[in-house]
Amino acid sequence: MDDLAHDHVRAFIARTRVAEMKSRGWRVLGPGEEGSLLMEGPMLAGRAAVLDAPIGGLFDDLIARALERADARDRIAARRAA
């Protein structure tokens with residue numbers, strides 16, 4: 001119980017969610033605050049990617065779609081003008 005795992009997260013989990021978290025690979029480390037237990041589980045997938053590009057990573061797809069729509073409107077306007 002005392003060994004530190006760098007690829008794991010420790011958190012206080014509500015007692016009502018302990019069974020769900022155990023099914024996801026988490027383990028109980030001990031008692032927590034009132035109504036919770038201290039648990040340890042695997043690091044969330046994709047977290048490093050989100051930290052590398054917090055803003056650009058979220059909006060790249062939205063910006064690409066907006067540019068495609070703008071290009072389509074420009075093509076339509078050019079055809080109408082011709």
Side-chain angles (χ1 to χ4, degrees):
M1 227 193 268
D2 293 331
D3 49 334
L4 178 65
H6 295 288
D7 59 341
H8 284 71
V9 177
R10 289 184 177 182
F12 291 109
I13 305 296
R15 291 184 189 271
T16 56
R17 297 197 60 204
V18 169
E20 175 191 346
M21 300 309 283
K22 279 185 166 183
S23 70
R24 293 182 181 190
W26 287 62
R27 65 184 179 127
V28 176
L29 297 177
E33 298 169 352
E34 185 176 326
S36 67
L37 294 173
L38 179 62
M39 296 185 74
E40 181 179 66
M43 180 67 75
L44 301 173
R47 186 176 182 132
V50 171
L51 293 177
D52 289 342
I55 300 298
L58 294 175
F59 297 108
D60 285 345
D61 187 45
L62 293 174
I63 292 170
R65 283 193 244 164
L67 290 173
E68 287 174 8
R69 287 193 304 269
D71 290 342
R73 281 191 297 255
D74 289 343
R75 285 191 298 272
I76 291 170
R79 277 191 233 139
R80 287 183 183 164

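If you read the sequence from its start, that first residue is 1, and numbering goes on from there.
- Between Val9 and Trp26, the shortest heavy-atom distance links the atoms O-CZ3, 3.7 Å.
- When all heavy atoms are compared, the tightest approach of Pro42 to Arg24 is CG-O, 4.1 Å.
- Separation of atoms CD (Glu68) and CG (Asp71) is listed at 8.0 Å; rounding is to 0.5 Å.
- How far CZ of Arg27 is from NZ of Lys22: 11.5 Å, rounded to the nearest 0.5 Å.
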Would Val28 and Met21 satisfy side chain to side chain contact (heavy atoms under 4.5 Å, CB included), going step by step from the backbone distance to the final call?
CA-CA 9 Å; Val28 176; Met21 300 309 283; over 6 Å; no

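- Phe12 contributes atom CZ, which lies 4.5 Å from atom CD of Glu33 (distance to the nearest 0.5 angstrom).
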